[in-house]
Amino acid sequence: MGSLEVERTTTGWAARDSSGILSPYTYTLRNTGPEDVYVKVVSCGICHSDLHQVKNDLGMSNYPMVPGHEVVGEVLEVGSDVTKFRVGDVVGVGLLVGCCRSCNPCKTDNEQYCNKKIWSYNDTYSDGKPTQGGFAGELVADQKFVVKIPDGMAWEQAAPLLCAGVTVYSPLKHFGLNVSGLRGGILGLGGVGHMGVKIAKAMGHHVTVISSSDRKKEEALEHIGADEFLVSSDATKMQEAADSLDYIIDTVPVVHPLEPYLSLLRLDGKLILMGVIGAPLQFVSPMVMLGRKSITGSFVGSMKETEEMLEFCKEKGLTSMIEVVKMDYVNTAFERLEKNDVRYRFVVDVAGSNLNP
């Protein structure tokens, strides 16, 4: 077992200020205990929310900050009370690393909605030590917030599933939309959106990608598997598609009008918000009332849903479309992500990178 009651140091790449520029940073991992797992990071995805955090877009960033919450790695050591994992297991760590365990969300396998949840970075543990993410050589996590990566699933492919994959899977399941025969819309074809198409199609849905231009039309239809492609600025096509969708997964992370998309929903249709936006969105109430429509939101998924989603993706043969980069490319990757210049998720090859160039 070894002793996990000692502190270890590691090197990660951290932002020091709201410029968001990352550079090497050596720090001490938190004190570890009997339920903790010590993980060597192999791969870590880059999510749009990482960009928000390193640039302090939401006004709540703390520095130095090591981002990264789509972490896949290998277990190096386990605490004496760890029952779920063994040394050598390939595991994943997502957006959360702690919760209160006593509130209603925690007791009902909805710990992602716990008011005392602990983020995997830009937060503090109960002992006051800052949390740091997966752009680093190693990390320590409570076994509750660690999942086993299914055998045979490529490590770098698994990383985006820990956020983008479960973020789509969770609301489809929770709202009873995981049945075949539905017509769904995916608004925005980025990291979350492209997994939305794949997961919804695997559930047996007719899927329409909705985008602001036709730039991604060929890729959406021919490579990702969407059934239809709708350009939101094409008023004629939008009118023809009115009242046709059972749900829309809205992944757009910037301010945008809701009314054009509400008009696409059938009776009792749901517009599910997933983009992190720090400004108010607007709509007129009749757009919701005259169709008993719902505007709702969903936030990643529970650990239970994460495990289910990984098995679902393995069973259906689903993978994320990725571009693998080294850590010394990460600042360029963030610049490209800000311009939406990625198909469709960057994954950092952490283990293959020199963290101290």
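Note that the structure is a prediction, hence the values are computed from the model and not measured. Side chains included, hydrogens not; waters and symmetry mates left out as well; all remaining heavy atoms used.
In this structure a side-chain-to-backbone donor-acceptor pair under 3.5 Å is present from Ser120 to Leu95. A donor-acceptor contact shorter than 3.5 Å links the side chain of Asp36 to the backbone of Gly33. Of the possible donor and acceptor atoms, none in the side chain of Asp50 sits under 3.5 Å from a partner among the backbone N and O of Phe334. Between the side chain of Gln157 and the main chain of Ser320, a donor-acceptor pair closer than 3.5 Å is present. The closest donor-acceptor contact from the side chain of Asp250 to the backbone of Val252 lies under 3.5 Å. Thr108 places a side-chain N or O within donor-acceptor distance of the main-chain N or O of Pro105, the cut-off being under 3.5 Å. With hydrogens and angles ignored, the 3.5 Å screen pairs a side-chain donor or acceptor of Arg16 with a backbone N or O of Ser23.
Evaluation of the salt bridge (charged side-chain N to carboxylate O under 4.0 Å, His left out) rule for Arg101 yields Asp142 as partners, not counting sequence neighbours. Partners of Lys237 under the salt bridge (charged side-chain N to carboxylate O under 4.0 Å, His left out) rule, at least two apart in sequence or in another chain, are Glu240. Ser211 pairs by the side-chain contact (heavy atoms from CB on, under 4.5 Å) definition with Phe229, not counting sequence neighbours. Leu177 is linked by a side-chain contact (heavy atoms from CB on, under 4.5 Å) to Leu172, Phe175, Leu182, Tyr247, Ile272, counting only residues two or more places apart in sequence or in another chain. Listed by chain and residue number, Asp17, Ile21 satisfy the side-chain contact (heavy atoms from CB on, under 4.5 Å) test with Ser19 (two or more places apart in sequence, or in another chain). Residues meeting the side-chain contact (heavy atoms from CB on, under 4.5 Å) test with Thr251, sequence neighbours left out: Val192, Ile249.
The aromatic rings of His69 and Tyr121 sit parallel, their planes meeting at an angle under 30°, below the 60° perpendicular limit.
The side chain to side chain donor-acceptor pair (under 3.5 Å) analysis of residues 177-200, with sequence neighbours excluded, yields the pairs Arg183-Glu228. Applying the ring-ring contact (aromatic ring centres under 6.0 Å, His included) test to pairs two or more places apart or on separate chains, those with a residue in residues 289-308 are Trp119-Phe299. Sorted by first then second residue, the salt bridge (Lys or Arg N to Asp or Glu O under 4.0 Å) pairs that include residues 150-174, not counting sequence neighbours, are Lys148-Asp151, Lys173-Glu308. Counting only residues at least two apart or in different chains, side chain to side chain donor-acceptor pair (under 3.5 Å) contacts with residues 132-141 comprise Thr10-Glu138. Applying the side chain to side chain donor-acceptor pair (under 3.5 Å) test to every pair with at least one member in residues 279-294, sequence neighbours left out, gives these pairs: Asp268-Arg292.
For the 3.5 Å distance criterion, the side chains of His205 and Asp246 fail to qualify, holding no donor opposite an acceptor. Checking Asn56 against Ser18 by side-chain atom types alone, no donor-acceptor pair falls below 3.5 Å.
Considering only heavy atoms from C-beta on, Leu189 comes within 4.5 Å of Val197 through its side chain. For the pair Leu139 and Val41, the minimum side-chain heavy-atom distance is below 4.5 Å. Taking 4.5 Å as the limit, some side-chain heavy atom of Tyr261 sits within range of a side-chain heavy atom of Ser232. Looking at heavy atoms from C-beta onward, Thr131 lies out of side-chain contact with Asn122 at the 4.5 angstrom threshold. Using a 4.5 Å heavy-atom threshold, the side chains of Asp243 and Leu265 count as separate. Within the 4.5 Å cutoff, the side chain of Lys316 has heavy atoms near those of the Phe312 side chain. Contact annotation: the side chain of Leu273 approaches that of Leu258 to within less than 4.5 Å [non-hydrogen atoms, C-beta and beyond]. Looking at Val288 and Leu262, their side chains come closer than 4.5 Å, going by heavy atoms from C-beta outward.
Cluster annotation: Met303 is not connected to Val140 through the hydrophobic network of ILVMFWY side chains, with a link wherever side-chain heavy atoms come within less than 4.5 Å. Linking ILVMFWY side-chain heavy atoms closer than 4.5 Å, directly or via other members, places Tyr27 and Tyr125 in a single hydrophobic cluster. One hydrophobic cluster, built from ILVMFWY side chains closer than 4.5 Å, holds both Ile199 and Val300. Taken together through direct or relayed side-chain contacts under 4.5 Å among Ile, Leu, Val, Met, Phe, Trp and Tyr, Val93 and Val82 form part of one hydrophobic cluster. Val166 and Ile322 are assigned to two separate hydrophobic clusters, defined by single-linkage of ILVMFWY side chains at heavy-atom distances under 4.5 Å.
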Side chains of residues 347-357: which donor-acceptor partners sit under 3.5 Å, not counting sequence neighbours?
unit_1, atom_1, unit_2, atom_2, d
Asp349, OD1, Gly352, N, 3.0
Asp349, OD2, Lys326, NZ, 2.7
Ser353, OG, Met327, N, 2.9
Ser353, OG, Asp349, O, 2.5
Asn354, OD1, Asn356, N, 3.1
Asn356, ND2, Thr11, OG1, 3.4

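Of all the heavy atoms in Val54 and Tyr63, the pair that sits closest is O-OH, 2.9 Å. The heavy-atom pair separating Ala164 from Arg345 by the smallest distance is CB-NH2, 3.7 Å. In this structure, Ala141 and Val146 approach most closely via the heavy-atom pair CB-CG2, 3.8 Å. Here the closest non-hydrogen pair linking Ala158 and Met153 is CB-SD, 3.7 Å. Nearest heavy-atom pair across Val207 and Ala200 is CG2-CB, 3.7 Å. For the pair Glu305 and Gln112, the tightest heavy-atom approach, listed with the atom from each and the gap, is OE1-NE2, 3.8 Å.
Remark: Glu323 engages Arg336 in a salt bridge, criterion side-chain N to carboxylate O under 4.0 Å. Salt bridge annotation for Lys117-Glu111: absent, with no cationic side-chain nitrogen under 4.0 angstrom from a carboxylate oxygen. The pair Lys201-Asp227 meets the salt-bridge criterion, with a side-chain N (NZ, NE, NH1 or NH2) lying under 4.0 Å from an Asp/Glu carboxylate O. Salt bridge absent: Glu77 and Lys40 never bring a charged side-chain N and a carboxylate O closer than 4.0 Å.
Here Glu338 contributes atom CD and Asp341 contributes atom CG; the two are 12.0 Å apart, rounded to the nearest 0.5 Å. Between the OG atom in Ser49 and the CE atom in Met274 there is a gap of 13.5 Å [rounded to 0.5 Å]. Here the OH-OG distance, from Tyr169 to Ser302, works out to 9.5 Å after rounding to the nearest 0.5 Å.
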Side chain to side chain contact (heavy atoms under 4.5 Å, CB included) between Val39 and Val91, intermediate numbers included: CA-CA 8 Å; Val39 178; Val91 297; 4.0 Å; yes
Step-by-step side chain to side chain contact (heavy atoms under 4.5 Å, CB included) determination, Leu162 to Val147: CA-CA 9 Å; Leu162 299 169; Val147 292; 3.8 Å; yes
